[in-house]
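See structure below.
Residue numbers start from 1 in every chain, and the chains themselves are labelled A, B, ... in the order their sequence lines are given, proteins ahead of strands. No experiment lies behind these values; they were computed from the predicted model shown.
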Number of protein chains: 2
Amino acid sequence: MVGKVPTITPTNRFDDASVKWPEGFKTCAINLGIKNGTLDFTVIQSVVPANAAAMFTQSRFCGAPLQVGKKHIANGRLQAFVINSKNANVATGQQGIKNSQRIVHEVANALDILPDDILPSSTGVIGIQLPIERMIKGIQGLRHQMSDGGFERAAEAIMTTDTRPKIRIAKVGGSTLVGIAKGSGMIEPNMATLLSYFVTDAKISQPVLHEMMKEAVNESFNMISVDTDTSTSDTVAIMANGLAGEVDIEDFRQALRSMSIELAKEIARDGEGATKLLEVVVDQAGSFKQAKKVAKSVVNSPLVKTAIFGRDPNWGRIAMAVGKCEDEDQIDPENIGIAFGDIPVYGGERELNLDLDKLQAYLLNEEVSIRISLGLGEEKATVWGCDLSYDYVRINAEYTT
Amino acid sequence: MVGKVPTITPTNRFDDASVKWPEGFKTCAINLGIKNGTLDFTVIQSVVPANAAAMFTQSRFCGAPLQVGKKHIANGRLQAFVINSKNANVATGQQGIKNSQRIVHEVANALDILPDDILPSSTGVIGIQLPIERMIKGIQGLRHQMSDGGFERAAEAIMTTDTRPKIRIAKVGGSTLVGIAKGSGMIEPNMATLLSYFVTDAKISQPVLHEMMKEAVNESFNMISVDTDTSTSDTVAIMANGLAGEVDIEDFRQALRSMSIELAKEIARDGEGATKLLEVVVDQAGSFKQAKKVAKSVVNSPLVKTAIFGRDPNWGRIAMAVGKCEDEDQIDPENIGIAFGDIPVYGGERELNLDLDKLQAYLLNEEVSIRISLGLGEEKATVWGCDLSYDYVRINAEYTT
C-alpha cells in the first residue's frame, strides 16, 4: 500500500481466473510467423471507442508505426493497440509506413473498427521490411481469436529479450486498471523497445487522462536507463473506455503513477545481463532538472555500473560521475554527501573510519541504493538502472548477422 | 608525413641514444613508495623558465593538484611538471591541497626553482590522502636524480592501466618537440586520468603557444572517449624554453596538432579492455558542434561498441545512436548515409543487396571506421574510441576494495 493507492498485485500473485479484468476489453496473442514460431502479435481492443493518450520516443530515427500512430492518437480516441515483436519496422522508408498502414487497415476490417482508432507498434530488428503478406494472411481470422481478458498472454507476446512478462493490475473504486510492459535493453541483438500499455474501464476525460499519463511517465519510464541507448520505438499508451463509470481521480492518478513506477523498475531490474537493480536518489538539489541530470550521470556511468556488479564500495566513481556534470556550476564537493543505502561514504555524515565490511555486506543485496545530497536546495529525483555485467557484453557481442 | 609535418617517430622506432632531445630539459622517474615498488613519481624540468600553457578537466570534482596548478600557470610561465601516479589526490579536502602545495615546495627547494613555476599532477585512487611524509623524504635528493632526456622513463612513470608508454617526437626546424601521454580509462580501479605533457626548445611566445595548444587539444584529446566517464584530473600542458630559437610557427602548429592526434588515438586504442580502435567520422553536418555531438553519440553507444567487439555489421545500432540526438531536429533519416569503411550500409549509396561477407571481413580489422553523412551541410568531425569487451567489465568489476 502506497498512501491511498489500491493494492497493486504483482504478476505472480494472481491467476487469470481470480481477477476481474477491466470491462469491455478483448485481447489476442498469436504467432504470424514473423521470424519463428513464438508469439509475435497481439491486439488489445476495447469494445467501444475509448479516451486515449500516448507518449513516444523522441528519436530522430523514430519507427514507421509511430509515424502512423501519432496521427491516430491526435484526436485523443483509440479502440485498439496492435503490436508485433521480432521486427521493429524502423529505417524502412516509405515501404515501412505503407506496411504499417496496411496492417492497421486489415485489423480494422477484421474487427470492424475504424483504422484511425488503432495504435500500431513494432519491436525487433531494425532495417528489415516486415513479411507483410504472411502477416496479412494471419490477420484475416482475427475476430474469432479475440477473447476477454488474457492480458498475461499479451504481456508475453510483446516480450523480446525480457526474461519474464511484466504486468500489474489495480482496482480503483468500481473500475480496474491493468498495465503491461516490455523492455530489456536489446533484442537479438538490435534495438529493444520500451513498450507499455494501460487499459481501464474507468470513465476519465481525455485531457485528464493525457495529463495523468504524462505525469506518470515523467516519474517512471523517463527515469530509467539500462544502457543509455534510446530506442527508436518507445511507446506508452492508455485507453479508458468508461464502462465502469466515474472514479476518484486522485485515487486513479496514484494507482497509475505507482503502477508506472513498478513496471519501469521491473524493466530496469530485468535489464540486459543485469544482476542488480540500481536506484540513485539525488536530493537537496537546486532544481528537479539538476537532480535528474546528476542521478542519470551516476546511473549511466560504466564505472559505477561495473563497480556495483563487482560489489565494490568504490565511492570515488560516484564522485567522478557527479563531477562530470560540468555545466552544473553550483555543485561544490564541499557541500556534497554520498551514501550507499544508509551508510555515508563521503561528506558530512561520514565517519572517519569507513566500515568496509558493512559496506560490502550491503552491496550483496539485489537492490542497491545510492544517495547523493547536493546541499543546494529542496528538490529531489530518483532514477533506476542496473549493473553492467559480462552478460551484457555477451548478449550484445556474440550475435553475428 | 602529414602535409608539412616533420617526421613523427613512434615510440618503438627510436632509442634514447639515437634522438636529440629538446635542449635544456632534465627528467627523473623514480619510486617514492606511494603504493608499491613501481615507478610512481616523475619530474620534467626546464633549465630555464619556459613559456607554458595548460588545459584541465572541467569536472566539478577537480583534483587538488589542479587547483594548485591553475594558479601557477596563470602567468603563462613554468619550469617543471611534477607528476605522481597511484594516488589522484581527489576528494581529499583542504588536507589534499596542503599536501600538493607541500610537494611543490619540496621539489622547488630541491631543484632551486620557484614553487609558482611548478605544475603538479596526481593520478590514481580517489578519496585517499597521499603518504606525504614518505614522499617528502624521497624528494630530498631529487637534484642528483635529474638527467638530460629520459622522456621514455617519464612516459612509463605516469602509466596507470596503460599497457604501453605513449611518446612522440618531432623535429621542427632547429628545434625538437616531444610529447608523452597516459590514460586507459581506469586505474586499479579508480578514475584514470588523461595526462599529456609536451616540451620543446623552440622559441614561441606564450599567447601563440597557448592558442596552438588549445587548438590541438580541441582536435585530439577532446575528441576521444573510452567510457564516457570524464576524469577528475585531466591535464594537458606544454613548456617551450626557447633555447633552440625561432621556428616556423605553421610547421610547429602542424607538428603539435599531429602529435596530439597521434597520442589521443594511442589512448583510445589502448582503452580499458579494447581490442579495436573505433573511428567515427560525421560529415555533411550543419555545424561542427552538430557533427561532434552525433559522432560522440555513436562512439559512446554501448550497443555500437559491443557490436564492433562482436564484429557484427549491425548498422541499425548506428541509426539508433544517430537518432538519439533528439535535439538535432534537422537530422532526417531520409538524408542520412551510413558506411563501414567504404562500404555503404544505409542511405543513397547503399546497394540493394549488402555484401555481408565483405562487411564482416572489414570488421576483422584492428581499426574500424564508421562514416555518417548527414546531408545537411559542409561541416565535419572525427572522433576516436574503442570497442566494449569482456575485459572492460573484468578490469572494472573484479577489483574489491
Contacting region of C325(A) [heavy-atom separation from chain B under 4.5 Å] | backbone

With D391(A), which residues qualify under salt bridge (charged side-chain N to carboxylate O under 4.0 Å, His left out), at least two apart?
-> R394(A)

Quick one: what part of S297(A) sits under 4.5 Å from any heavy atom of chain B, side chain, backbone, both or neither?
-> neither

Contact list for residues 291-310 of chain B, test salt bridge (Lys or Arg N to Asp or Glu O under 4.0 Å), sequence neighbours left out | K293(B)-D327(B), K293(B)-E328(B)

Using the six-membered ring wherever Trp is involved, compare the ring planes of Y362(A) and F340(A) and label them parallel, tilted or perpendicular (cut-offs 30° and 60°).
-> tilted

Relative to chain B, which segment of I336(A) carries a heavy atom at a distance below 4.5 Å: side chain, backbone, both, or neither?
-> side chain

Does atom NZ of K70(B) have more than 12 heavy-atom neighbours from other groups under 6.0 Å away?
-> yes

